[in-house]
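Here the structure comes first, spelled out in structure tokens, and everything after it is commentary.
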There are 4 protein chains.
Amino acid sequence: MRNTSLTLYGESVSSRFLIGSALYSSPAIMQAAIEASGADWVTLSLRRQNPAEQSGHSFWQQIQATGCRLLPNTAGCKTAQEAINLAEMSREIFNTAWIKLEVIGDDYNLQPDPFALVEAATELIKRGFKVLPYSTDDLILAQRLLDAGCQAVMPWGAPIGTGQGLLNKYALKTLRDRLPDTPLIIDAGLGAPSQAAEAMEMGFDGVLLNTAVAKATDAVGMARAFKLAIEAGRLAFEAGLMVKRQTASPSTTPVGLPFWHQKPSV
Amino acid sequence: MRNTSLTLYGESVSSRFLIGSALYSSPAIMQAAIEASGADWVTLSLRRQNPAEQSGHSFWQQIQATGCRLLPNTAGCKTAQEAINLAEMSREIFNTAWIKLEVIGDDYNLQPDPFALVEAATELIKRGFKVLPYSTDDLILAQRLLDAGCQAVMPWGAPIGTGQGLLNKYALKTLRDRLPDTPLIIDAGLGAPSQAAEAMEMGFDGVLLNTAVAKATDAVGMARAFKLAIEAGRLAFEAGLMVKRQTASPSTTPVGLPFWHQKPSV
Amino acid sequence: MRNTSLTLYGESVSSRFLIGSALYSSPAIMQAAIEASGADWVTLSLRRQNPAEQSGHSFWQQIQATGCRLLPNTAGCKTAQEAINLAEMSREIFNTAWIKLEVIGDDYNLQPDPFALVEAATELIKRGFKVLPYSTDDLILAQRLLDAGCQAVMPWGAPIGTGQGLLNKYALKTLRDRLPDTPLIIDAGLGAPSQAAEAMEMGFDGVLLNTAVAKATDAVGMARAFKLAIEAGRLAFEAGLMVKRQTASPSTTPVGLPFWHQKPSV
Amino acid sequence: MRNTSLTLYGESVSSRFLIGSALYSSPAIMQAAIEASGADWVTLSLRRQNPAEQSGHSFWQQIQATGCRLLPNTAGCKTAQEAINLAEMSREIFNTAWIKLEVIGDDYNLQPDPFALVEAATELIKRGFKVLPYSTDDLILAQRLLDAGCQAVMPWGAPIGTGQGLLNKYALKTLRDRLPDTPLIIDAGLGAPSQAAEAMEMGFDGVLLNTAVAKATDAVGMARAFKLAIEAGRLAFEAGLMVKRQTASPSTTPVGLPFWHQKPSV
């Protein structure tokens with residue numbers, strides 16, 4: 001069993017649920033969903049601030065009203081340099097060294113570019129950032145990110161926004177087994193609380209998601225559902241799951257007939 | 001979205017988690033686990049009362065101390081007549097018309113015998129029992145049980161004690177879709193809270209299990225994990241899950257460059 | 001390893017692929033596909049003979065031209081009596097005691113009705129039929145059919161026409177393991193040759209299908225693909241599949257550096 | 001539908017099954033299995049030649065006796081430089097510019113190292129090799145290999161020697177869809193002919209494997225099983241698989257009662 005508190009770059013994080021701030025049907029629903037999620041951290045992107053609509057400022061205020069810490073991301077960046085530039089701007093604007101590093105390698109599956117990701121992570125770590133890299137489930141890539149100085153890795157479950165869940169459990173299990181001391185947070189692709197619970201049962205340290213909450217019919221209810229599921233999965237991991245069996249095993253072991261029948265009728 | 005309270009034979013049940021009372025490492029752990037589960041109902045078998053060890057009475061007292069309602073079962077019965085007899089004895093001893101009806105058709109996979117199950121259910125309904133039949137995921141079998149007067153059906157997820165989860169989601173989904181107004185409770189085969197959450201997300205009305213809690217390293221922690229997962233799954237069902245997509249979709253839609261870049265340089 | 005010839009009711013069957021005769025885009029394509037399949041047996045239904053169109057006779061002639069044996073079925077029958085009547089008519093018209101027994105329990109998933117199926121099988125066996133019952137994957141149902149005198153059982157992979165493949169491999173594996181000496185033929189639900197190969201690798205004795213061939217873009221090519229896949233799966237079953245491993249294992253075990261390096265440099 | 005002949009670096013390959021030469025219980029069985037496979041190409045490693053045992057020469061003769069072309073591999077290499085060196089030696093010894101490029105990134109899962117793989121492929125292409133890179137299922141990695149000049153990519157199904165099959169069908173399907181004109185050969189991880197058939201049904205251009213044949217109880221029978229399955233899968237791909245359906249669809253559409261009943265009895 002592992003320690004129940006999650007530590008990232010030396011800082012303790014109380015909730016294992018990290019949540020995104022995009023795609024909600026209204027700022028009020030976003031705020032309520034974030035609160036229902038119990039998250040400590042909310043990711044957001046500088047790119048969403050549109051001054052033409054003067055929406056940026058109020059959007060940011062809504063998030064701050066939740067009391068969560070801001071975790072800027074580099075969503076939409078396609079090269080290491082672009083991501084580095086946006087990280088620097090985010091550090092200045094949001095006054096934080098934390099960055100969720102995304103370097104997208106493909107416009108269709110929105111997967112991380114392993115090569116540019118390592119390049120950007122290496123540079124950002126040098127510049128003093130606390131980098132949380134959005135990664136694939138490739139063990140070698142994870143090791144390179146750790147070699148670059150990252151103190152956590154965030155493998156995807158599935159492509160962003162698909163809700164497909166944990167597509168490659170074998171690879172994820174390998175990551176977890178081989179990097180037992182690295183904080184590993186499943187980032188992207190989850191569509192249902194049961195999938196988040198399963199990730200936690202496998203021993204992952206946290207879950208980051210956005211679409212599955214924001215695109216639910218009732219985003220606030222779904223945020224709470226994920227909160228409970230993530231707690232459930234973590235609890236189950238700590239409590240030690242039963243071992244699967246191939247063959248049935250009775251939960252009730254009969255001791256013969258009901259007891260009064262065992263008495264001699266005398 | 002469906003009504004959030006579960007009604008069985010006209011009675012409202014507050015928790016959607018029904019729990020078993022076998023296989024715990026001690027009566028004290030059983031009691032603590034049942035309490036942690038938040039269950040209203042606890043299944044138990046007359047067969048486990050062994051008067052030679054005088055264990056029956058104290059076992060029963062332990063369960064009663066939890067404040068839960070007793071749901072006697074006919075675990076281990078292999079014929080309709082045997083099950084009917086045990087149901088009658090259970091009604092007398094436990095002073096309840098409720099019965100979880102098990103008629104086992106095979107010693108190895110412990111599956112229900114569809115034929116004997118319908119026979120026993122038909123007779124027990126006639127005799128005034130409130131029958132909760134442990135069933136397979138066969139739609140026709142479920143319909144026969146309803147025809148016999150059962151007001152709920154309890155399909156298995158997998159064979160008892162295996163922890164394999166929802167083996168045939170297609171069949172279970174068919175059951176749920178075709179019997180939208182029948183309380184359907186997944187009974188047996190679940191091994192992890194994520195599986196219970198998934199059952200609830202699919203719209204099942206409740207979950208009954210025993211082994212996955214009793215055989216966990218920490219049964220009390222696992223009982224709580226299942227409680228949360230079942231709540232999470234139900235909440236998610238009510239909140240409306242996002243639709244799965246085949247292709248990725250960005251959660252952050254860029255509005256071009258970060259906002260201060262959009263300002264004219266003046 | 002099991003004997004490589006399939007025997008049904010004492011008669012040897014040379015091909016393990018049984019094929020249906022419905023849904024083809026033309027009689028000529030049907031005939032060519034059946035020939036490409038290498039099947040010995042072709043199922044057909046009296047119900048498809050429509051004398052108003054005088055189509056029945058020519059359809060039957062097309063099938064006879066393939067040289068295959070006819071296996072009449074009771075497709076579309078919903079009660080035991082209906083199936084028995086159609087079987088009797090088929091015996092008379094087609095001059096054969098063989099019958100593929102279908103008793104459909106539900107108009108939507110077209111599943112067998114376990115209760116009516118046993119009833120019809122029992123009666124038809126008494127009347128001297130050689131019954132091949134279309135069944136679910138329920139072990140108890142299979143045992144009842146054997147008790148009734150059936151000498152083979154045909155469990156479904158998935159509902160007719162869905163192409164979903166082997167939906168419940170656990171149940172199918174249980175059937176195979178528990179009934180090692182019973183000819184078991186997967187009937188319905190397969191959509192791709194790989195699925196047929198997998199069924200054969202699991203030790204099933206044959207495959208019966210129709211839609212996946214008839215609804216392929218090129219039915220004749222697909223018939224041949226299934227033929228090869230079924231042979232491949234059977235061969236693999238007999239050749240003994242490697243055991244799956246959780247961890248990687250090199251196929252090439254290095255003996256150090258390439259060989260000339262091992263020579264002393266002198 | 002795609003052209004039925006596979007072309008690699010401008011050369012036509014008649015069999016879509018490429019086979020390995022390691023792990024067989026004897027050279028005679030290896031030779032017989034390779035012949036039964038119908039493969040044109042056999043992979044082998046310089047590393048396996050052990051002159052101390054004088055086994056290298058006879059081993060190579062056995063392979064040449066099959067009439068297959070030799071495809072040297074760099075199994076066991078862990079750095080780009082090591083792989084490049086071994087490729088050069090192989091070119092000299094085996095007198096071929098073809099190389100199956102493996103650069104292993106991890107001793108436990110034996111996965112390709114994406115970074116070193118691209119580095120080695122880039123250099124080898126420059127030096128005039130015809131590189132067939134053993135890759136993961138990562139789309140970006142595949143694109144980098146193509147950018148480096150590779151004219152084919154060989155994604156894994158699962159880690160070498162595990163027999164786990166196609167672990168991430170989503171990623172593989174993405175690869176296939178996004179690189180429609182690139183020869184893609186599934187290399188490693190397959191354990192059963194049904195898995196090879198499925199890969200071919202998905203549109204992959206070929207299959208390379210070793211362990212599943214060599215470690216079968218009867219390697220020669222299994223080689224033939226894979227041969228048939230790969231042909232079956234390819235045929236099915238070309239013939240156009242039926243579309244999967246969620247709901248059942250009768251293969252036999254009744255036209256009412258059997259025909260003589262429709263006639264007036266007169």
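In what follows, every chain begins at residue 1, and chains take the letters A, B, ... in the order their sequences are listed.
The aromatic rings of Tyr134(C) and Trp156(C) stand perpendicular to each other, their planes meeting at an angle above 60°, with 30° marking the opposite boundary.
Both the backbone and the side chain of Gln246(D) come within contact range of chain C, each with at least one heavy atom under 4.5 Å from a heavy atom of that chain. Proximity to chain C (any heavy atom under 4.5 Å) is shown, for Glu198(D), by both the backbone and the side chain. For Leu190(D), the part lying under 4.5 angstrom from a heavy atom of chain C is the backbone only.
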Applying side chain to side chain contact (heavy atoms under 4.5 Å, CB included) to Val213(C) and Ser37(C), what does each step give before you reach the verdict?
CA-CA 9 Å; Val213(C) 166; Ser37(C) 76; over 6 Å; no
* Check the pair Thr136(D), Gln111(D) against side chain to side chain contact (heavy atoms under 4.5 Å, CB included), reporting the backbone distance first and the verdict last. => CA-CA 7 Å; Thr136(D) 66; Gln111(D) 74 160 89; 4.2 Å; yes
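Between chain C and the options Gly189(D), Ala158(D), Ala188(D), Gly191(D), the largest number of non-hydrogen pairs under 4.5 Å is found for Gly191(D). Note: Thr162(C) leads Leu228(C), Val243(C), Thr162(C) in heavy-atom pairs under 4.5 Å with chain D. Across Pro193(C), Ala197(C), Ala212(C), the residue that shares the most heavy-atom pairs under 4.5 angstrom with chain D is Pro193(C). Across Gly161(C), Ser194(C), Ala216(C), the residue that shares the most heavy-atom pairs under 4.5 angstrom with chain D is Ser194(C). Contact tally against chain C (heavy-atom pairs below 4.5 Å) for Gly20(D), Ala219(D), Pro159(D), Ala192(D): the top residue is Ala192(D). Heavy-atom pairs under 4.5 Å with chain C peak, among Gly165(D), Ala196(D), Ala225(D), at Ala225(D).
A salt bridge is absent between Asp137(C) and Lys173(C): the closest approach of a Lys/Arg side-chain nitrogen to an acidic carboxylate oxygen does not fall below 4.0 angstrom. A salt bridge links Arg91(D) with Glu88(D): the distance from a Lys NZ or Arg NE/NH1/NH2 to an Asp or Glu carboxylate oxygen falls below 4.0 Å.
The heavy-atom pair separating Pro112(C) from Ser135(C) by the smallest distance is CG-C, 3.5 Å. The nearest pair of heavy atoms linking Phe204(C) to Leu172(C) is CZ-O, 3.3 Å.
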